[in-house]
Amino acid sequence: MSHPYGTWPSPFAPADIAASSPKIDGARFIGDEVWWGESVPAEKGRVTVRSSNGDVLLPAPWSARSRVHEYGGGAWAADAEGTLFFVDAGDQRVYAMHRGEEPQPLTTAGPNHGGLRLQSGRLLAVREDLTVEPHLRAIVEIPTDGSAADDAARVRVVTESAAFYAHPALSPDGTRIAWVEWSGRQMPWQSAALRVRSLDDGALASTHARACLQPEWLSDTELIYADDPDGRWVLQRVKLDGIRVSEPTAFAPADADIGYGLWVLGNRWYQPLADGRIVAVRTNGSDEVVLLGTDGSARALDVPVSAHVSVDDAKDTRVLLSGGGAAVTAGLWSVDVDSGEVVAIRGGAPTDPHWMPPATQITIEGTHGPVRAFDYAPANPEASAPDGERAPYIVFVHGGPTAHVAGAASAGIAFYTSRGIGVLDVNYGGSTGYGRDYRERLDGQWGIVDADDVLAAARGLAESGRADPARIAIRGGSAGGWTVLSALVRGGVFSAGISRYGVADLRMLAQDTHDFEKYYIDGLVGPLPEAEEVYIDRSPLTHVDQIDVPVLLLQGEDDRVVPPSQSEAIRDALALRGVPHEYVLYPGEGHGFRRAETIIDALERELAFLGRAFGF
């Protein structure tokens, strides 16, 4: 049946989007079961832990969520006997819970904890204390018997300073520990070192590293980690003599990245198997899961997952993979690398290609070089557009800005495409997944390269005939919201903009931002006070008089990364000029929307907003 684009009848309701595709937060083999963390939007976004036997292991109101580095990660671990260790979202203490019993605290109140890792019965964590100046962070070992619940001195401090830490890894013999460390003057994808410390005498060593990720011990004398000395994150092997570390040797290099921006503490891009082989995720736009032999050979595994893949755990010849796929919903799978057996544990249902459009990778030439993107054309088997009508489009802009999209099936995208609105998901310059050169294109150029790239992508879409040039909107959150506003200031391409908790004023961001990103803007724009004039000129708030299209602003009231003051400054400036706009503040939401009621309301408002802007 013929309907104008944007008015196609769709089975994808906002409530369905809020409930769709579980957000997996780590997974483990526990005995004969698989345990995984999962966000529950219907319960105010709390993170529970579930079992493959159907049990909800962490009951309400408990929620496993870390606030270390603000973005958290690694908020739970478990032992083979079925004891759950988790960071409670409310007080950030670490708790232990035996199955069916009440959680018991293992740490005192005050510091934040995250990046939990249980090895050889020893519980490691990243600790962050924001109650002292300067703020202190540490790698710690937490007693599992509860003796440190009222006595912080019982917690063993492996290392402590004002630096940042991630990925603690204990050697098999328990005598040494490795971790990733960076100063905070640069972000971890710019410069991060691998450290190794003797737990017997405290001696410390570090590698000649560029941007280290995820150390793992292959034996008591061999360590592997990811680094990008040649522009791509590849695995590096080192030998150890005591704590003396040999020069690294690249293992199975490829024109792809094993790793990406270290925003959260729980990411795992590879896992060693017991026989020395390694299952790893290689990213070049989309993800590929490969089995690396001990001789450096590589074999692609036939798995359905291809976007934001995490190799969460390994047992014998099986691994747990979480993420999204081109033809399946997001989920969690158990994969046997020898037999090829793939078992969906949670989610991972095949999608209907008639309703879920495939992601087409496209490259558009821009002012600063090629711009990578994924195109999702309108798709609805029960509707078509009138002859000659060109589709409206919405350009998605990811946050970070050091992040990436990978072309996965998504009910959130189908929400638009099934109604006759195309989606172009852009990996602008600065995105991960294409190597360091592409990532560093944004250095000193935030607000220029990203805005130019999304404008080029939208123009290319219109010039190709796929999109109606008069009906292209742009939508992004956080740093993506900044790019939305920066692009609207340029004008001439987008007919509407949706900013979710977007940055509007760089000086305000520099003043309000948290420790993890305190110096991030120095690299993206320049240091203060020397670059203050650049901050002023680059900020969308300075040039809001150049925005002449409708704007929808969505903001979490409890956002500590980009506070409401940013969205409210843009709101007030738009109101002063009489530009059509809407501002919505969501109580109880932080940086990113987690509650079902918020997700539903935001989608309903976005669709109504686009209807007004596009005329349907």
Side-chain angles (χ1 to χ4, degrees), residues 6 392-397 399 401 428 446-456 458-459 462 468-513 521 525 532-557 559 561-586 601-602 604-616:
Y393 257 78
I394 181 168
V395 173
F396 280 13
V397 190
Y428 50 87
W446 193 34
I448 296 176
V449 165
D450 50 323
D452 285 347
D453 282 0
V454 296
L455 288 164
R459 289 192 192 100
D468 180 350
R471 294 191 296 172
I472 303 178
I474 183 170
R475 169 192 188 256
S478 189
W482 153 272
T483 304
V484 167
L485 298 172
S486 297
L488 293 182
V489 163
R490 306 290 183 87
V493 174
F494 296 110
S495 55
I498 300 170
S499 171
R500 291 175 166 222
Y501 36 89
V503 177
D505 186 317
L506 284 177
R507 289 183 300 172
M508 193 183 303
L509 179 66
Q511 178 180 331
D512 294 339
T513 196
I521 312 176
V525 181
E532 184 170 13
E533 290 303 315
V534 180
Y535 277 53
I536 295 170
D537 184 61
R538 206 73 72 75
S539 295
L541 187 62
T542 302
H543 307 287
V544 73
D545 60 319
Q546 295 174 218
I547 298 178
D548 57 4
V549 298
V551 181
L552 174 61
L553 303 164
L554 305 174
Q555 177 70 47
E557 187 177 41
D559 193 336
V561 178
V562 181
S565 55
Q566 294 267 352
S567 291
E568 289 166 2
I570 284 286
R571 174 203 62 189
D572 295 344
L574 292 172
L576 191 63
R577 294 192 60 249
V579 176
H581 68 280
E582 183 179 358
Y583 173 65
V584 186
L585 185 67
Y586 293 107
D601 185 77
E604 289 176 341
R605 289 179 185 274
E606 287 184 6
L607 187 60
F609 172 77
L610 292 176
R612 293 191 297 271
F614 289 162
F616 57 74

Close side-chain approach of [X] to [Y], heavy-atom, < 4.5 Å:
X: D452; Y: V449; value: no
X: S565; Y: M508; value: yes
X: H543; Y: D537; value: yes
X: L554; Y: L552; value: yes
X: L574; Y: R571; value: no
X: V397; Y: R475; value: no
X: I474; Y: F396; value: no
X: E533; Y: R538; value: no

Open item on the list: Is a donor from one side chain sitting under 3.5 angstrom from an acceptor on the other, for E557 and Y586?
Closed with: no
Task: Modelled atom types, side-chain donor and acceptor of D505 and Y535, under 3.5 Å - done: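 No pair is found: no donor N or O on one side chain lies under 3.5 Å from an acceptor on the other.
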TODO: Dump the intermediate steps for side-chain hydrogen bond (donor to acceptor under 3.5 Å, both in side chains) on Y583 and Q555, then the final yes or no.
DONE: CA-CA 8 Å; Y583 173 65; Q555 177 70 47; 5.5 Å; no
Kindly give the heavy-atom pair with the smallest separation between [X] and [Y], and that separation in Å.
X: L485; Y: V503; answer: CD1-O, 3.6 Å
X: V544; Y: A573; answer: CG1-CB, 3.4 Å
X: G502; Y: Q566; answer: O-CB, 3.7 Å
X: V561; Y: D559; answer: N-OD1, 2.8 Å

- [ ] Verify side-chain contact (heavy atoms from CB on, under 4.5 Å) between F494 and L488, making sure each step is shown before the conclusion.
- [x] CA-CA 7 Å; F494 296 110; L488 293 182; 3.9 Å; yes
Open item on the list: If we ignore hydrogens and angles and just use 3.5 Å, is the side chain of R577 paired with the main-chain N or O of D545 as donor and acceptor?
Closed with: yes
TODO: Using modelled atom types only, decide if a donor and an acceptor are shared between the side chain of T483 and the backbone of D450 within a distance under 3.5 Å.
DONE: no
Open item on the list: Working to the nearest 0.5 angstrom, can you tell me the gap between D453 CG and I448 CD1?
Closed with: 11.5 Å
Open item on the list: side-chain contact (heavy atoms from CB on, under 4.5 Å) for L553 and V584? Distances and angles first, verdict last.
Closed with: CA-CA 6 Å; L553 303 164; V584 186; over 6 Å; no
Task: side-chain contact (heavy atoms from CB on, under 4.5 Å) between D548 and V579, worked out - done: CA-CA 6 Å; D548 57 4; V579 176; 5.8 Å; no
Open item on the list: For a side-chain contact (heavy atoms from CB on, under 4.5 Å) check, start with the C-alpha distance between L509 and W482, then their side-chain angles and the critical distance, and finish with the verdict.
Closed with: CA-CA 11 Å; L509 179 66; W482 153 272; over 6 Å; no
